[in-house]
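None of these values were measured; they are calculated from a predicted model.
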Amino acid sequence: LVAHSLYGMLDNITEQKQLQTRLEEAVESLNDAFVLFDAEGNLVLNNSKFKEFFPLLADMLIPGTSFETLFRASVSRGQHSGQTSVDEDFIHSRLIDFYTGEGIKERQLSDGRWIMVSDRKTQSGEIVGIRTDITELKRREEEASLASQMLLDAIESISEGFILFDADERMLLCNSK
């Protein structure tokens, strides 16, 4: 009877280790940065992509480190574009975003990259974070904006009146003449 119980416990431990390994492999395979904080805001785990996204924090990504400690260090180490460690309003705003676990924000890092930040609370109060590099998307948006402005400038420079209609004869744009 004791041997049977022991084998059952060993099987359960083996299954738990296999499940943990599968979960770790799944998190590691993500293209995005992944991070998990417990309900008190302390780091539980992150994937290697998270370290790639935030190299200035790599030495601090240790389970148990609080989000606030990590974020304050990221600001003081110059990770965030235009922010300094004395900008308490910026830090406070980010802490509120994090602890409410709602919404998606775009942040520009000091190296020029743009990151989409998403923090979500689980039913147990833990916070799952996904960070997506949207630098290329922001670059394309900027290019489209510049191209649009060039088109508007060109239309405005026409000496006669100019009106552009769509297929349903709705006016899309015009110059001031």
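A salt bridge does not link E136 to R113: none of the charged nitrogens lies less than 4.0 Å from a carboxylate oxygen. Contact check on D59 versus R77 returns a salt bridge, with a Lys/Arg side-chain nitrogen under 4.0 Å from an Asp/Glu carboxylate oxygen. Salt-bridge check for K138 with E142: failed, with every basic side-chain N at 4.0 Å or more from each acidic carboxylate O. Under 4.0 Å is where a charged nitrogen must lie from a carboxylate oxygen, and between R94 and D119 at least one such pair does.
A 4.5 Å side-chain heavy-atom check between D32 and K49 finds every atom pair outside the cut-off. Counting heavy atoms from C-beta on, the side chains of E126 and R120 never come closer than 4.5 Å. Side-chain contact check for N42 versus S66: some heavy-atom pair is nearer than 4.5 Å. T100 has its side chain out of reach of F98: every pair of non-hydrogen atoms, C-beta onward, lies at least 4.5 Å apart. The shortest distance between side-chain heavy atoms of L173 and F162 falls below 4.5 Å. Put simply, the side chain of I91 reaches to within 4.5 Å of the side chain of V75, judged on heavy atoms. Residues F34 and N46 have side chains not in contact (no heavy-atom distance under 4.5 Å, counting atoms from C-beta outward). Annotation: side chain of D97 is in contact with side chain of K105 (closest heavy-atom distance under 4.5 Å).
Listed here is the closest heavy atom pair of Y99 and K121: O-CE, 2.8 Å. Closest heavy-atom contact between N47 and V27: ND2-O, 3.1 Å. When all heavy atoms are compared, the tightest approach of S157 to A154 is OG-O, 2.7 Å. Looking at every heavy atom in both residues, N175 comes nearest to I155 through ND2-O, 3.3 Å. The shortest heavy-atom contact between D166 and D168 is OD1-N, 2.9 Å. Looking at every heavy atom in both residues, R107 comes nearest to F90 through NH1-CE1, 3.7 Å.
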Is there a side-chain contact (heavy atoms from CB on, under 4.5 Å) between L36 and I127 once you walk through the steps?
-> CA-CA 6 Å; L36 175 65; I127 299 170; over 6 Å; no
Verdict with reasoning, E106 to I115, per side-chain contact (heavy atoms from CB on, under 4.5 Å) = CA-CA 6 Å; E106 294 178 356; I115 304 293; over 6 Å; no
Determine, step by step, whether L43 and I62 satisfy the side-chain contact (heavy atoms from CB on, under 4.5 Å) criterion, reporting the C-alpha distance in whole Å, the side-chain angles of both residues, the deciding distance to 0.1 Å, and the verdict.
-> CA-CA 7 Å; L43 181 65; I62 301 165; 5.6 Å; no
Could you check Q20 against Q16 for side-chain hydrogen bond (donor to acceptor under 3.5 Å, both in side chains), going step by step and ending with a plain yes or no?
-> CA-CA 6 Å; Q20 181 178 352; Q16 287 177 354; over 6 Å; no
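In this structure, F67 is a member of the same hydrophobic cluster as V117, with clusters built from ILVMFWY side-chain heavy atoms closer than 4.5 Å. When hydrophobic clusters are built by joining Ile, Leu, Val, Met, Phe, Trp and Tyr residues whose side-chain heavy atoms come closer than 4.5 Å, directly or via intermediates, L70 is grouped together with F50. Hydrophobic clustering (ILVMFWY, side-chain heavy atoms < 4.5 Å, transitive): L56 and L61 are in distinct clusters. Under the 4.5 Å side-chain contact rule for hydrophobic residues, L164 and M150 do not share a cluster. With hydrophobic clusters built from ILVMFWY side chains whose heavy atoms lie under 4.5 angstrom apart, L109 does not share a cluster with M116.
Although no hydrogens or angles enter the test, the distance criterion places no donor-acceptor pair under 3.5 Å between the side chain of S145 and the main chain of E141.
Here the OG atom belonging to S29 is positioned 12.0 Å from the CD atom belonging to E24, to the nearest 0.5 angstrom. Within the model, atoms CD1 of I158 and SG of C174 stand 11.5 Å from one another, a figure rounded to the nearest 0.5 Å. Distance check, rounded to the nearest 0.5 Å: CG of L95 to CD of E88 gives 8.5 Å. In this structure, CD1 on I163 lies 13.0 Å from CD on E160, to the nearest 0.5 angstrom.
Taking the six-membered ring for Trp and the full ring otherwise, F71 and H80 have centroids separated by under 6.0 Å.
Neither side chain, Q79 nor S110, offers a donor N or O lying under 3.5 Å from an acceptor on the other.
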